[in-house]
2 protein chains.
Amino acid sequence: MIKELPSLVIPGATIEILKASCASCSMHQLCLPMGLDNNDMERLDQIIGRRRKVARGATLFRIGDAFQNLYAIRLGHFKTYQVNREGAEQITGFQMAGELLGMDAISADQHHCTAVALEDSEVCEIPFATLQQLLAEMPTLLRHFHRMMSQEITREQSVMLLLGNMQATQRFAAFLINLSSRYEARGYSPNTFQLRMSREEIGNYLGLTIESISRLLSKFKKEGLVRVSNREIELLDTRMLKAITAGTETCG
Amino acid sequence: MIKELPSLVIPGATIEILKASCASCSMHQLCLPMGLDNNDMERLDQIIGRRRKVARGATLFRIGDAFQNLYAIRLGHFKTYQVNREGAEQITGFQMAGELLGMDAISADQHHCTAVALEDSEVCEIPFATLQQLLAEMPTLLRHFHRMMSQEITREQSVMLLLGNMQATQRFAAFLINLSSRYEARGYSPNTFQLRMSREEIGNYLGLTIESISRLLSKFKKEGLVRVSNREIELLDTRMLKAITAGTETCG
DNA sequence: CGGTCAATTGACCACAGTCAAGCTTGGTGG
DNA sequence: CCACCAAGCTTGACTGTGGTCAATTGACCG
């Protein structure tokens, strides 16, 4: 299933067909093909439209775009955001390799958020109409697809808890712990990683200002919880950060 | 498909098998069977475990319960909430007739939130394992089920926008307008309705305190936007409320 | 009736927002 | 190599929105 086609360009994003398959992708135990046998994975591979590159800052889809495809992130990071009528953005999530983009578009056949690459990234385009046919024939795939949608619901509920109930310090600790565990699940260091998003984007996501994020970073640094250098961050006291997240920390 | 069986009781909730079917249910154009032909609707009807009553204040499922069923609300209102490690609740939604409960439980085979009836209510129990078999055979049902899950994702994203970006006044106006439009979609008056939840529950949902909700109600009353008497509310100036929601209102 | 619970209102306060100045960092060009 | 600039980040001083605490009113019910 190796595909070789000339690359093409659309406004703001470079598209290129890559030699790739689910079986050879390091994310296949997290992504849509999770748990499929070789035969089923091959079938899924065949319906994947193309693998394309999305340059840093380029838009994968925007609010109002007609819904055609889901996108599985092969490599890189994205943010998704909503825009209210005033034009204010609210970032609804940061997505990394192995995660699915576009599931909110199924309900009304058009995208309800905009997805932008935070760094040079690669996605697999999954034509939803074709996927749906396949779902009817492959119970394992159907099951896992439902799990992924459900996981998105659960994730958003956690953010609601964060935004509705937590203090600034708690929100930020929760954010760091969340990133940490997701990197760990991908085989990366849970303690040292790059923040792919700006302070402004973090603040927007957490319902805080950029100044608050900056102050919180300084505070955590002073308390010996983290080491920070620009976007490089090291978690020095995960235990404490988790305690802050849970609201059970005792000392100040 | 009329079922007639003796009623039984489980702790906290009365269960009773009712004479009912999707075809005879007033919600079937909003609920899971939307768009199904008579034959398919009949098949869906057959897998529905039972129709049961849930008394006001009774719990339908709680966090950590093993996932067996989805629940379609036939009648009444529910709230769902998450609990953090400190024991603080965050209400993640208010659900009404025609809406589906339990979709967040698919991902990990256990419920991630607790669902409690806000008034005496009735639900249809949908065994998920059986539903999934049916989904593979009925493309229309599959399609609509995905729409409903996607709609839940979209709804939660709107709440994230509300909690992350909006001021107290804006949040509360958005809340009222949201209820209004959902009652309208069900054929009820969009202007006059009962608030099924307490001020405290509204505040919790909107990330505000009960005092703030009370003050906002008084403010809206004074400005002639609403008329309130206990839980009975009448929206007198929907146009203005929508403007406040959108953040585009000009006068104070 | 009094008792209970929910809602309202007022006084005060604190957390995080706003505004503003200053500091890094990285890129460009002389 | 350094000057210059822009963008992003940090820090401080001040402010305001909404939280906290407390007292009062109102609704419902045995």
Side-chain angles (χ1 to χ4, degrees), chain A residues 56-57 79 86 88-91 116 118-119 162-176 194-223 225-233 244 247 249 252, chain B residues 56-57 79 86 88-91 116 118-120 162-176 194-223 225-234 244 247 249 252:
Chain A
R56 176 197 172 104
K79 67 171 174 180
E86 295 169 275
E89 293 180 7
Q90 169 69 37
I91 294 175
V116 171
L118 294 175
E119 61 184 329
L162 181 145
L163 291 173
N165 246 321
M166 293 185 183
Q167 303 277 63
T169 314
Q170 215 175 344
R171 291 187 199 184
F172 188 56
F175 172 72
L176 293 178
Q194 279 266 330
L195 297 169
R196 318 294 163 132
M197 62 297 284
S198 68
R199 306 287 194 268
E200 183 153 29
E201 286 165 333
I202 298 173
N204 181 306
Y205 178 60
L206 297 178
L208 300 169
T209 58
I210 181 172
E211 291 95 333
S212 291
I213 300 301
S214 192
R215 279 185 248 269
L216 286 166
L217 264 176
S218 302
K219 184 171 164 253
F220 282 5
K221 230 189 303 192
K222 203 160 54 186
E223 291 171 354
L225 300 177
V226 302
R227 201 193 325 261
V228 196
S229 168
N230 300 324
R231 293 195 172 181
E232 188 76 27
I233 191 163
I244 293 172
E249 90 288 15
Chain B
R56 176 197 172 105
K79 66 171 173 181
E86 293 169 277
E89 293 180 8
Q90 169 68 38
I91 295 176
V116 170
L118 294 174
E119 62 183 328
D120 290 351
L162 180 145
L163 291 173
N165 247 320
M166 293 185 183
Q167 304 276 61
T169 314
Q170 215 176 344
R171 291 188 200 184
F172 188 56
F175 172 72
L176 294 176
Q194 279 264 330
L195 297 170
R196 317 293 163 134
M197 62 297 285
S198 68
R199 307 286 194 267
E200 183 152 30
E201 287 164 332
I202 298 173
N204 181 306
Y205 177 60
L206 297 178
L208 300 169
T209 57
I210 180 172
E211 292 94 334
S212 292
I213 300 301
S214 193
R215 280 185 248 269
L216 286 166
L217 263 176
S218 301
K219 185 170 163 253
F220 282 2
K221 229 189 303 190
K222 201 159 58 186
E223 291 170 353
L225 300 177
V226 302
R227 200 193 323 262
V228 195
S229 168
N230 301 325
R231 294 196 171 183
E232 188 75 27
I233 191 162
E234 182 180 1
I244 293 172
E249 90 286 12

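All of these numbers come straight from a predicted model, not from anything done at the bench. Sequence lines set the chain letters: A, B, ... in the order given, protein chains first and strands last, and positions in each chain run from 1.
Take A:Ser212 and apply the side chain to side chain donor-acceptor pair (under 3.5 Å) test, not counting sequence neighbours, and it matches A:Thr209. Listed by chain and number, the residues in a side chain to side chain contact (heavy atoms under 4.5 Å, CB included) with A:Arg196 are A:His77, A:Leu118, A:Glu119, A:Tyr183, A:Gln194 (sequence neighbours excluded). Not counting sequence neighbours, A:Glu86 has no partner by the salt bridge (Lys or Arg N to Asp or Glu O under 4.0 Å) test. Residues passing the salt bridge (Lys or Arg N to Asp or Glu O under 4.0 Å) test with A:Arg227, sequence neighbours excluded: A:Glu234. Every residue two or more places apart in sequence or in another chain that forms a side chain to side chain contact (heavy atoms under 4.5 Å, CB included) with A:Ile233 is listed here: A:Leu176, A:Phe193, A:Leu195, A:Leu217, A:Val226, A:Val228, A:Leu235. With sequence neighbours left out, the salt bridge (Lys or Arg N to Asp or Glu O under 4.0 Å) criterion links A:Glu201 to A:Lys79. Annotation: side chain to side chain contact (heavy atoms under 4.5 Å, CB included) contacts of B:Ala174 (sequence neighbours excluded): B:Leu162, B:Met166, B:Thr245. Take A:Glu200 and apply the side chain to side chain contact (heavy atoms under 4.5 Å, CB included) test, not counting sequence neighbours, and it matches A:Ser198, A:Ile210.
The structure places CZ of A:Phe172 at 10.5 Å from CG of A:Leu225, a figure rounded to the nearest 0.5 Å.
Direction change of the helix axis from one end of the helix from C:dC1-D:dG30 to C:dG30-D:dC1 to the other is 30°, with five pairs defining each end axis (rounded to 10°).
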How does each nucleotide of nucleotides 24-30 of chain D score, in 5' to 3' order, for protein heavy atoms under 4.0 Å: base (B), sugar-phosphate only (S), or none (-)?
---S---
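Near DNA chain C, meaning a heavy atom under 4.0 Å from it, residues 199-211 of chain B has B:Arg199, B:Glu211 in order of number.
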